[in-house]
2 protein chains.
Amino acid sequence: MAQSADRLGRYLEDELGSCCDEDVQQRLTELESLGEGLHGLDVLSALANETRYRLVRALVATDGELCVCELNALSDVSESGLSHALSKLADAGLVASRTEGRWKHYRATTRAVALVTVLDGTFDE
Amino acid sequence: MAQSADRLGRYLEDELGSCCDEDVQQRLTELESLGEGLHGLDVLSALANETRYRLVRALVATDGELCVCELNALSDVSESGLSHALSKLADAGLVASRTEGRWKHYRATTRAVALVTVLDGTFDE
DNA sequence: AGTACAGTTGAATACTCGCTCAACTGTAAG
DNA sequence: CTTACAGTTGAGCGAGTATTCAACTGTACT
């Protein structure tokens, strides 16, 4: 860390013309405050996996509900793996479920819809 | 796969009252078409890591450029690790860079801004 | 020329995470 | 009450990934 502060000092000197230790210290605290807020990392982690991403995309595309047994048809993992995947997605608030008898239905949340939509949108430019 | 088709058949029978093999087959192909389109998975993978996510958030929050040496201050990895991280982000189209002398400046792309914004937005509800 | 520094690259290591297997819960039907 | 089925849970293994170390490129300054 002392190393990187040195380099930052040299950089600020380049930028400002002159630079004292206090300038470096101030900039350091400014920068550290930028690094806060890891809100959303768990959501991204949940989505950043082929199996889970496919499930979410399918649910978003369906614009409704799909039964676990239907989701099974479009994922190439075991039934157990599918359950794990859906559980992780539910924890991240990307899918919600409804049980009916012994069948369980999943649907995409608005969060999932928003993310997939934005993600697709950034490829059209 | 034969197993899951069986289960799907039983499910469709429950839903439709009756169900023949052709119904199952048709539903299967419908479902498989939903699983297409992995566009964006690499972007998510790039973002779904604490180090890289913090870098992107910082760049988005700054609404401008940051020097590598400044980014170094808010990431707790080595200088080399930082370089690897930025490289992966650049590959995913989440950051862009500009070299000036021996200093290199990074900025968030519109894709990064869009994603972070949407992600934050889904927590306010 | 040579030295110092900003940043990158590739290989090796350590670690996380996704998947499967087996055992389990809960629901419906004979 | 027993059997069959839908789905979940936890442990353990294998594969992918994040990080570091060392060597490198390119730029400025003397």
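In what follows, every chain begins at residue 1, and chains take the letters A, B, ... in the order their sequences are listed.
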A/D91 atom CG is separated from C/dC17 atom C1', nearest whole Å, by 15 Å

Please state whether the rings of A/H105 and B/Y11 are parallel, tilted or perpendicular, taking 30° and 60° as the class boundaries. tilted

Euclidean distance, atom OH of residue A/Y11 to atom P of C/dA6 [Å, nearest integer]: 12 Å

Interatomic spacing from CG in B/L28 to OG in B/S33 - rounded to 0.5 Å: 11.0 Å

Would you tell me if any nitrogen or oxygen in the side chain of A/R7 comes within less than 4.0 Å of OP1 or OP2 on C/dC5? no

5'-most by nearest nucleotide on DNA chain C - A/E79 or B/Y106: B/Y106

Tell me if a side-chain donor or acceptor on B/S87 pairs with a main-chain N or O of B/S83 at a distance below 3.5 Å. no

From CD of A/E50 over to P of C/dC17, roughly how many Å is that when rounded to an integer? 18 Å

Hey, does the side chain of A/R111 reach the backbone of A/L94 with a donor-acceptor pair shorter than 3.5 angstrom? no

Quick one: which of C/dT20, C/dT9, D/dT8 gets closest to the side chain of B/S83? C/dT9

Under a 3.5 Å threshold, yes or no: a donor from one side chain and an acceptor from the other, between A/E30 and A/Q26? yes

Whole-Å distance, A/N72 CG to D/dC5 P, equals 15 Å

Roughly how many Å is it from CG in A/D42 to C1' in C/dC17, rounded to a whole number? 15 Å

Check this one for me: any side-chain N or O of A/R102 less than 4.0 Å away from OP1 or OP2 of D/dG7? no

Between A/L86 and A/D14, which has a closest nucleotide on DNA chain D that is more 5'? A/L86

Test item: side-chain donor near acceptor, A/R57 and A/Y53, under 3.5 Å: yes

Assign B/T51 to base, sugar-phosphate, or nothing according to its heavy-atom contacts below 4.0 angstrom with the strands shown. sugar-phosphate

Donor-acceptor contact below 3.5 Å, side chain B/S75 vs main chain B/L82: no

Looking at every strand, decide which applies to A/G81 at a 4.0 Å heavy-atom threshold: base, sugar-phosphate, or nothing. base

Interatomic distance where CG belongs to A/N49 and C1' belongs to C/dC19 [whole Å]: 10 Å

Could you state the CD-P distance from B/E15 to D/dA6, rounded to the nearest angstrom? 13 Å

Considering only heavy atoms and no angle criterion, is a donor-acceptor pair shorter than 3.5 Å present between the side chain of B/S80 and the base of D/dC21? yes

Has A/K104 got a side-chain N or O lying under 4.0 Å from the OP1 or OP2 atom of D/dT8? yes

Any side-chain to backbone donor/acceptor pair from B/E70 onto B/C67? Under 3.5 Å, distance only. yes

Judged by nearest nucleotide, the residue sitting upstream toward the 5' end of DNA chain C, A/K88 or A/G101, is A/K88

For the side chain of A/S78, counting heavy atoms from C-beta on, which of C/dT8, D/dC5, C/dT20 is nearest? C/dT20

Rounded off to whole Å, could you give me the CH2-to-P distance for the B/W103 and C/dT8 pair? 13 Å

Presence of donor-acceptor pair under 3.5 Å, side chain of B/H84 and base of D/dT17: no

Stretch residues 57-66 of chain A: residues that reach within less than 4.0 Å of DNA chain C through a heavy atom: none

